[in-house]
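Reviewing the structure listed below.
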Amino acid sequence: MIIQIHEDDNVGIVTEPAGLLAGSRIDDILVKEPIPMGHKISLADLKQGSSVIRYGAIIGYASGSIQAGSWVHTGNVAPADAPVLDDIPLTPGEITEEAPLEGYTFAGFRNRDGSVGTKNILAISSSVQCVSATLQQVVKRIKAELLPNYPYVDDVVGITHHYGCGVAIDAPAAIIPIRTLMNINRNPNFGNEVMVLGLGCEKLRPERILTEQESRDHDVLYMQDKDLHGFSEIVQAAMNKADRLLTVLNKRRRETCPASDLVVGMQCGGSDSFTGITGNPVVGKAADLIVRAGGTAFFSEVTEVRDAAHLLVPRASNRLVAEKLIHELKWYDAYLRAGGADRSANPSPGNKAGGLTNVIEKAMGSVAKSGSMPIVDVLAPGEKIEKRGLQFVATPASDFVCGTLQIAAGMNVHLFVTGRGTPYGLAPVPVIKIGTNSDLSQRWYDLIDFDAGRIITEQKELEELGWDLFRLILEVASGNTQVAADRLGLHNDLSLFNPGPLT
Ligand code: CA
């Protein structure tokens, strides 16, 4: 069998493990030659020079005539030109109108600022790495001694990091880690209550990661406070402060919220050749449904989308958004250049053997998780989402660096696609892990939450699995279904993106 990702595609992807045999049929198309799994079959007669379309996008041009049922590969497709950012027109492309979805809800925790949490968590932030070990002990004691008294609070999370001491605090790039820490505090799952443990002599003053209002409402606890004698008094002071906030958080209850309050962050890691065939396209379908329901879905990972820039820019809802997208991609190009990193030759021989014809096709496999809706905003690393709809949050692709920035962006549900398998998990937000193949999903039956490999093993339609995933998101957001990472307590450390200098 084959899979056609987008209705405009004139190629399909072979999903039979043994490939397609010459003389077999796909509907009314006669297969002309053997075609290996993961490779493309032409679904139409293509004249020389005609566009080869996959993911609804031109990935190249037929270098000769290609009959329907033939193998479409590196040898008969001339690549589309690599995108030069300054050459990309900023005019919005045609936007597909989809009917809004009405009536979908989940049970969430409504916050003062209007956002909605999918968990009710006490977060304790920190202004400097020096206090990390102390904070970890404080959190451990709160969990053991206080949390049992507050049945409506789900968890206590310490926001620890490697920043704050010896940093060039006013260097332009320092704004990224600073605003990341600031916006993590405002993640909807932390109920608009903030508590910060500081040391006292750090460069990063705790006030810089709080708004003025927050600074007034929640005084910061400094370990170097002259009134605190010895470690036990410091820990007790932190626990007293936590106790007051737990009382506030414990009064909160889930209430019915429209699906438009979802803020779903999407990422992939530990990818394989199915990531662009099953996992990311299923996530893209779910993203379309979230946006049609009025909610927010966002994708990230600049290095993964860079080569599809010319296909993403026309999806920007207006010129300003297009300019912001170009700006973020250029910023990252410069960041990589400054570090002496070149964007290594793509795709790799392994990619080609797996059926990827060129770099544009590879990038499209990654951006498939963005679905098909217009991009209504673009955010720099560490910024918080302010609009609803599909958005791009510029981050590195590195898994936990990206996830940390996505928490700062305000996600309340996280979708993570993996092919080779990763135990990825974050304490602040439920992470729905999506296996791209049924082999992994079955082998890691208690680590993977959703098997997108059923596209192949059970011949499920993308649309159907997109709906299944959308419904799972609502269940997880409501606290009715626990994700594997939470069940197993797999919560990795956050990882702050700091492109700025240390002193
Ligand atoms: Ca990643």
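Just so you know, residue 1 is the first one in the sequence shown, and it goes up from there. Atoms within a ligand are numbered from 1 in the order they appear, just like the ligands themselves.
A salt bridge between D261 and R110 is present, with a side-chain N of the basic residue lying under 4.0 Å from a carboxylate O of the acidic one. Between E383 and K324 there is no salt bridge, since no side-chain N of the basic residue sits under 4.0 Å from a carboxylate O of the acidic one. A salt bridge is defined here as a Lys NZ or Arg NE, NH1 or NH2 lying under 4.0 Å from an Asp or Glu carboxylate O, and K119 with D486 meets this definition.
Within the structure, the ring-ring contact (aromatic ring centres under 6.0 Å, His included) test picks out the following pairs touching residues 374-410 (sequence neighbours left out): F299-F392, F400-Y424.
With waters neither drawn nor counted, the protein N/O/S atoms under 3.0 Å from the Ca ion (ligand 1) amount to 5.
In this structure E361 satisfies the salt bridge (charged side-chain N to carboxylate O under 4.0 Å, His left out) test together with K40, R54, sequence neighbours excluded.
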Pair up each side-chain donor or acceptor in residues 165-180 with any protein partner under 3.5 Å, not counting sequence neighbours, and list the distances.
from : atom 1 : to   : atom 2 : distance (Å)
R179 : NE     : P381 : O      : 2.8
R179 : NH2    : P381 : O      : 3.0
T180 : OG1    : I176 : O      : 2.6

